[in-house]
Protein chains: 2
Amino acid sequence: MATIYDIAAKAGVSAMTVSRVINNTGKISDKTRAKVRRVMEELNYVPNHVARSLVLQQSKLLFLLITDITNPFYTTIARGAEDAAKKHGYRLLFGNSDENVDKEKDYIDAILATRADGVLIAPTGDLSLSNLERLRLHNVPFVLLDREVPGVGSDVVLGDTKEGARKLVEHLKSRGHSAIALINGSPTISSARLRLEGYREALKLNDLPFDDRYVLEMAFEPRSDLSEIENWLDRMTPPPTAIVAGNNVLAVEVIRTLAERGNRVPEHMSVVGFDDLGPYSEIDPFLTVIAQQAYQFGYLGMQMLVERIQERGESPLPWRKVVLPADLIVRRSVADAT
Amino acid sequence: MATIYDIAAKAGVSAMTVSRVINNTGKISDKTRAKVRRVMEELNYVPNHVARSLVLQQSKLLFLLITDITNPFYTTIARGAEDAAKKHGYRLLFGNSDENVDKEKDYIDAILATRADGVLIAPTGDLSLSNLERLRLHNVPFVLLDREVPGVGSDVVLGDTKEGARKLVEHLKSRGHSAIALINGSPTISSARLRLEGYREALKLNDLPFDDRYVLEMAFEPRSDLSEIENWLDRMTPPPTAIVAGNNVLAVEVIRTLAERGNRVPEHMSVVGFDDLGPYSEIDPFLTVIAQQAYQFGYLGMQMLVERIQERGESPLPWRKVVLPADLIVRRSVADAT
DNA sequence: CTGTTAGCGCCTTCAG
DNA sequence: CTGAAGGCGCTAACAG
C-alpha cells in the first residue's frame, strides 16, 4: 500500500505536507492541496491507522465486550453502542465473552495490547473484578453494562431490576397467582442477586409466602442439558402456577422444558421474564416480559465512556450510575389461575 | 505503559533480549529469561500490538462484517467465526453493516486503515461490488458469506437455497397446500434471487401454478412499516393458504402482520421460512423452517480465509464455493389445509 | 547466547 | 506556507 512518502515523491512535496493535507491541519496552498489530493487518488492511498496510533498514542478505537452475542438483549446494546461511538468519531469493536471469565480475560489482554481507548463491558460476574482491575491499572477507561462488580468504582448502566421484579410479581398476583417460582441466574452476578431480592421483596409486599424450593439458581448461558430445570420442576410440591425467569435465555429454557413435559404456556403454566426477545417476542405465545431498554444501555454507556476518555487529565467526575426503567410488556403468556 | 526498553533497563539486558523472551524466539539462557519474565511481571508489561503490527506488516486481526447483528443467523455465524479465528491465533473484530452499502463502505475503509489481515463478509448485495473491489485492489483476502456478488471471484460459503426452497414447497404440498405465496428479499441479493428461483422450480416440479401476485419482494431488514405486507395480503385473491418467507426477519414480520389482522398461524395461515430463529424457535408456534448451519458458515468461512492469508505468495488455489445443506425443521406452524 | 542498527508509517516540533 | 529531524514500540538482520 502507498505511504505518505510515495505521495510526497510523486507530488513533489514533503511527507509533512501530505500529512497536513490528510489531516486538514496547518496552512496549505490550494494548489499543493489539490495536487496532493490528486496523487492520493491515483495511488489509492489509505491512511495507516496503525502508524497513526503508534505516534498519537491513541487509537480512536473503542471496545464493546458482551457476554452473549446470540442474545438479542446484548446485540441491541451493540447497535446502540455502535451509533453512539460513530457519533463521536470512534470506531467500535465487539467481543463476546460467552459468560466465561477466562475468555473475558483473553479479551482484556487483547484490548490492552491493541491499545483501545476505552471499553464498554458487560462483566461476566463478580469474578470479573481482577479483569477490571487490570484495565484500571493500565488506565483504560471503562463503563459497566447491566451488572455491577463489588469493589469496582466506575460508571455503570443498569436496569431498574427491583422495580421490574415488583411489576412482574404484581402482574401475576393481579391475575390470581400466588404460587410464583423464580428461575434465576447465578448469585455471582449482581443483576441476578437484585432480581432475587426484588422477587422476595415483591412477594412480601404482596403478602405472598416465600419458599426456598421455588427458587432455582443456575448459569445464565444456554446449555443443552435441561435436567436441572426438570428436577426443579419435579421438586416443587405443590407446583407453582407461574414462573418468573431471570432473563430471556432462562425463559426460553423453561418454556422448552415445560413443552417437553407436555405443559403448555400459558394454559398449564404462566411464565414471565426479564429482557425481551427482540423481534421474536411477537411470535406466540407472546411472552410477557420486562423489556430493558437495551439500545439505551449501549448508547448511554458509550456516551459516558467517551466522556471519560475526553476528560483525561482534568479533574474527574464522580462515578455515575444510570438506572433505566423496567418496562412491563404484558402479552399472552399469562392466563388466569384457576 | 511499560515498553520493552523499560524492561530491558531494569533487567540489565537489551531490548532485543526482551523481545526474544516475549516471542520465544532465538536462544536465551534460562537465567536471563527468568529475570526478564520477573521484571515484566513487576512492571505489568503488556505487549504493544500496534508497534508490532507496524513492523511486522500484519496485524493478526481478522474482520467479520455482517449485515444484521440482531439476527440470530448472523450472530451464530459470529460464534463460529470467533472459534475458528482463535484456533488459528487470530483475533476477530466484528462490524455490522445493517444491510446498508454505505455503512459497509465505511467499514471497508476502516478495515483497510486498520490493516486487518483478512475479511469475512456477508455483503449487503450486488452493490457491494465496488467495496469488494476495493479490498481486492489492496490485496486484502476476503471470503463471502451467504451471498455471492456477480463480478467478484472469491471463496464463498452458501446454503443450498434451491434445495431448501424445494423442501419447503414439498412439505407444504404434502400437507395439502397448493396456493403457496412467497415473501422474499430484494432481488439485488443473490440469496433472494436463488430463493425465488427455487420457489418457482419447486412449484413447477410439483405441478403447482406460479402467480406473480403471490410474490412480494422487499428489503430484508426489519422495518416498522408493515403496510407493504398488508397490501400484499389484500392483493392476493384468492388468498394463499401458506406463505414461504425468504428469511427469519420476514417470517416474523409476516406472522406479526397476520396477527394484527386476527389471523393466527397455523390455524388461518401456514408459514414456513428460511433461517432459524436461534434459541427462540422453540417457542410456540414452533415455526417450521429451513435451518441453515449458521455456525458452520462462520467456522468454515474463517478457515478458508485463514488459508488464503497463509498462501500469500504461493500459487493460489482456485476459488472455492462451499454449499452447506438446507435442513428442514418441521415444527408446528403448518396445519392441514381444509 | 546477546547486542547494535535500522526502519515500519506517521506526526510533533522546530526551522525556514 | 513548507520542510527536516526525531521518535512512537517493536523486530529483522547482522554482529559479536
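Note on naming: letters A, B, ... go to the chains in the order of the sequence lines (proteins, then strands), and numbering restarts at 1 for each one.
The side chain of A/R52 contributes an N or O atom lying less than 4.0 Å from OP1 or OP2 of C/dC11. At the phosphate of C/dG3, OP1 or OP2 sits under 4.0 Å from a side-chain N or O atom of B/S14. Between A/N23 and the phosphate of C/dC11, there is a side-chain N or O to OP1/OP2 separation shorter than 4.0 Å. At the phosphate of D/dG3, OP1 or OP2 sits under 4.0 Å from a side-chain N or O atom of A/T17. Between B/Q57 and C/dG9, a side-chain N or O to OP1/OP2 separation shorter than 4.0 Å is present.
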Which atom pairs, one a donor and one an acceptor, fall under 3.5 Å between side chains of residues 121-132 of chain B and the rest of the protein, sequence neighbours left out?
{"unit_1": "B/T124", "atom_1": "OG1", "unit_2": "B/S128", "atom_2": "OG", "d": "3.0"}
{"unit_1": "B/D126", "atom_1": "OD1", "unit_2": "B/R193", "atom_2": "NH2", "d": "3.3"}
{"unit_1": "B/D126", "atom_1": "OD2", "unit_2": "B/R193", "atom_2": "NH1", "d": "2.7"}
{"unit_1": "B/D126", "atom_1": "OD2", "unit_2": "B/R193", "atom_2": "NH2", "d": "3.4"}
{"unit_1": "B/S128", "atom_1": "OG", "unit_2": "B/E104", "atom_2": "OE1", "d": "2.7"}
{"unit_1": "B/S128", "atom_1": "OG", "unit_2": "B/E104", "atom_2": "OE2", "d": "3.2"}
{"unit_1": "B/S128", "atom_1": "OG", "unit_2": "B/T124", "atom_2": "N", "d": "3.0"}
{"unit_1": "B/S128", "atom_1": "OG", "unit_2": "B/G125", "atom_2": "N", "d": "3.3"}
{"unit_1": "B/S128", "atom_1": "OG", "unit_2": "B/G125", "atom_2": "O", "d": "3.1"}
{"unit_1": "B/N131", "atom_1": "ND2", "unit_2": "B/E104", "atom_2": "OE1", "d": "2.8"}

Under 3.5 Å, which donor-acceptor pairs do the side chains of residues 33-44 of chain B form with other protein atoms, sequence neighbours left out?
{"unit_1": "B/R33", "atom_1": "NH2", "unit_2": "B/I28", "atom_2": "O", "d": "3.1"}
{"unit_1": "B/E42", "atom_1": "OE1", "unit_2": "B/K10", "atom_2": "NZ", "d": "3.1"}

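Where the helix from C/dC1-D/dG16 to C/dG16-D/dC1 starts and where it ends, the local axes point in directions that differ by 40°; five pairs per end, rounded to 10°.
Candidate nucleotides C/dG3, C/dC11, D/dG9 were compared by shortest atom distance to the side chain of B/V13, and C/dG3 ranks first. Here the nucleotide nearest the side chain of B/K27, chosen from C/dC1, D/dT11, D/dG6, is C/dC1. Out of C/dC11, D/dT11, C/dG3, the shortest distance to the side chain of A/Y5 is found at C/dC11.
Within residues 28-46 of chain A, the residues that place at least one heavy atom under 4.0 Å from DNA chain D are, in residue-number order, A/I28, A/S29, A/T32.
As a whole-Å value, the separation of A/R115 CZ from D/dG9 P is 8 Å. Taking atom CD on B/Q58 and atom C1' on D/dA12, their separation rounds to 14 Å, with Å as the unit. Regarding A/N48, its CG atom lies at a distance of 12 Å from the P atom of C/dC8, rounded to whole Å. Protein atom CD1 of B/I7 is 16 Å distant from nucleotide atom C1' of D/dT11, rounded to whole Å. Whole-Å rounding puts the A/I22 CD1 to C/dT12 C1' distance at 15 Å. In this structure, the CD1 atom of B/I4 is 12 Å from the C1' atom of D/dC8, given to the nearest Å.
In this view, A/S29 and A/K31, A/T32 satisfy the side chain to side chain contact (heavy atoms under 4.5 Å, CB included) rule, not counting sequence neighbours. A search for side chain to side chain contact (heavy atoms under 4.5 Å, CB included) contacts involving A/T188 returns A/S186, not counting sequence neighbours. In this view, A/A113 and B/V46, B/H49 satisfy the side chain to side chain contact (heavy atoms under 4.5 Å, CB included) rule, not counting sequence neighbours. Remark: A/I66 pairs with A/L64, A/I69, A/Y74 by the side chain to side chain contact (heavy atoms under 4.5 Å, CB included) rule, at least two apart or across chains. Every residue two or more places apart in sequence or in another chain was checked for a side chain to side chain donor-acceptor pair (under 3.5 Å) with A/S97, and none qualifies. Residues meeting the side chain to side chain donor-acceptor pair (under 3.5 Å) test with A/S190, sequence neighbours left out: none.
Checking A/D68 against A/T70 by side-chain atom types alone, a donor-acceptor pair falls below 3.5 Å.
Among pairs with a residue in residues 106-115 of chain A, those fulfilling salt bridge (Lys or Arg N to Asp or Glu O under 4.0 Å) read A/K105-A/D109, A/D109-A/R134, at least two apart in sequence or across chains.
B/T114 places no side-chain N or O within 3.5 Å of a backbone atom of B/A116 that could act as its donor or acceptor partner.
In terms of position on DNA chain C, the residue among B/L54 and B/A15 whose nearest nucleotide sits closer to the 5' end is B/A15.
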For nucleotides 13-16 of chain D, print each protein N/O atom paired with a nucleotide N/O atom at under 3.5 Å, atom names and distance only.
none

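The side-chain heavy atoms of A/M1 and B/L112, taken from C-beta on, include a pair separated by under 4.5 Å.
B/L56 comes within 4.0 angstrom of sugar-phosphate atoms only, judged by non-hydrogen atoms across all strands, and of no base.
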